[in-house]
Amino acid sequence: MKKIEKNFSNAIYQNFDEIQQSLKKSLNRVRIASGNGYRDLFNSNAWGRQYHKLSIEELFFMNLNNDAILAILNVSIYHAIVQNDYSHLLNGVFTYSRLRSLQRAYIPGANDWNVVESLINNDIALRDIEYPKSLGFNTNVFYDTTLLLSGNLLRTILTNPDLKTLTLEQYSKFIGEVSSKFDRALLQYLYGLTTEDDKLCKTNFAEMEQLYNRCQWLSSGWYRDANLNKSVPIFLLGLYQLKNIVNINIEIELENEFLKNTDRFIVDNPNYIPQIFNYFDGELEFLNETLTNSFVPFYHTYKIKLDEIKTVTQAKR
């Protein structure tokens, strides 16, 4: 607990009110920019002339800062541990991951790590928009090898089992290029789930628990602004829940206390429905509806507009 307290005390945001104030400043910045030629907004040099097609709310999501989004995850981890109530964590992951999905909607391709996080609270709506049934096999060898292999393994497990043969062939071809011990354990765990090899799953999940703190692309990359994640393996929680998707009985013994406590809450509360971590007020009130009941239609409309903007911009080059 002392380590958790120390790490949290160094966080940029100490509570939800501070996060909300930061988000309100972001919204105000977007409003000012929308009346000033959209200057200083994300990618305004390339896309600025098309930004009138987006609503203020849509521009707000595109221009969200990682630190405020990840702070929601950080605060929810802290409250879950301190209050010994892991509903805070599930609500935090629900809110954070949907915000991050909207923030990253302009990025081509699937957000694989968002999908992993969606498994923590079984957010099927989020998973389906990131991994639609039309999502095909990724053959882009210029991708980072770990991203390439893990993405196709995840798609095979979660969405399209017909990709299995191609995915396993690709895995066999490129796994030798992966030198990181954590990355190899991640890929071998996913391979074990794909091939229904429970021994491989157990061995490599245990390996990931041991190596998690050394994984720089998680601690200094994906979770850079959520410092509690360095000692609390949120990513592994999603991977652990992934085994429940596969129709084989895999019993993995957890070592990490946080993973044990969260899994116990999930098992004891199978009907728990995650909700907004904290109610947004004032000018941010629209988030309460957008992140819940309107999430899927809002995302699809927003994504269509973004794709149109990119198409028009590229055509003019």
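- Checked against the 6.0 Å centroid criterion, the rings of F286 and F280 do not qualify as a close aromatic pair.
- Annotation: F42 is not in aromatic contact with Y51 [ring centroid separation under 6.0 Å not met].
- Closest heavy-atom contact between N138 and R155: CB-NH1, 3.7 Å.
- D85 CG: more than 12 foreign heavy atoms inside a 6.0 Å radius.
- Proximity of the aromatic rings of F205 and Y240 is defined here by a centroid distance below 6.0 angstrom, and this criterion is met.
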Please test N244 against I250 for side chain to side chain contact (heavy atoms under 4.5 Å, CB included), starting from the C-alpha separation and ending with a verdict. CA-CA 8 Å; N244 298 327; I250 302 176; over 6 Å; no
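- Side-chain contact, N91 with Y272: a donor N or O sits under 3.5 Å from an acceptor N or O.
- Checked against a 6.0 Å centroid threshold, the rings of F298 and F61 count as neighbours.
- In this structure, R100 fails the cation-pi test against W113, since its NZ or CZ atom is not both closer than 6.0 Å to the six-membered ring centre and inside 45 degrees of the ring normal.
- You'll find the side chain of D123 stays beyond 4.5 Å of the side chain of R127, heavy atoms only.
- The two residues F94 and S97 come nearest to each other via the heavy atoms O-OG, 3.4 Å.
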**Message:** E207 vs K181, test: salt bridge (charged side-chain N to carboxylate O under 4.0 Å, His left out). Steps then yes/no.
**Reply:** CA-CA 8 Å; E207 184 81 353; K181 290 182 179 180; over 6 Å; no
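- When all heavy atoms of Y189 and I252 are compared, the pair lying nearest together is CE1-CD1, 3.8 Å.
- The minimum heavy-atom distance linking Y299 with A105 is given by the pair CE1-CB, 3.9 Å.
- A salt bridge does not link E308 to K53: none of the charged nitrogens lies less than 4.0 Å from a carboxylate oxygen.
- A side chain to side chain contact (heavy atoms under 4.5 Å, CB included) with Q50 is found for exactly one of V312, T311, L306, namely V312.
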*asked:* Using the rule given for side chain to side chain contact (heavy atoms under 4.5 Å, CB included), can you reason through L239 versus V116, listing the C-alpha separation, both sets of side-chain angles and the distance that settles it, and then say yes or no?
replied: CA-CA 6 Å; L239 292 174; V116 171; 4.1 Å; yes
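- Scanning all heavy atoms of the two residues, the minimum distance from E209 to E253 falls at OE2-O, 4.0 Å.
- Between W47 and Y106, the ring planes lie perpendicular to each other; the angle is over 60°, past the 30° to 60° tilted range.
- Minimum interatomic distance between Q241 and I120 (heavy atoms only, all atoms of both residues): CG-CA, 4.1 Å.
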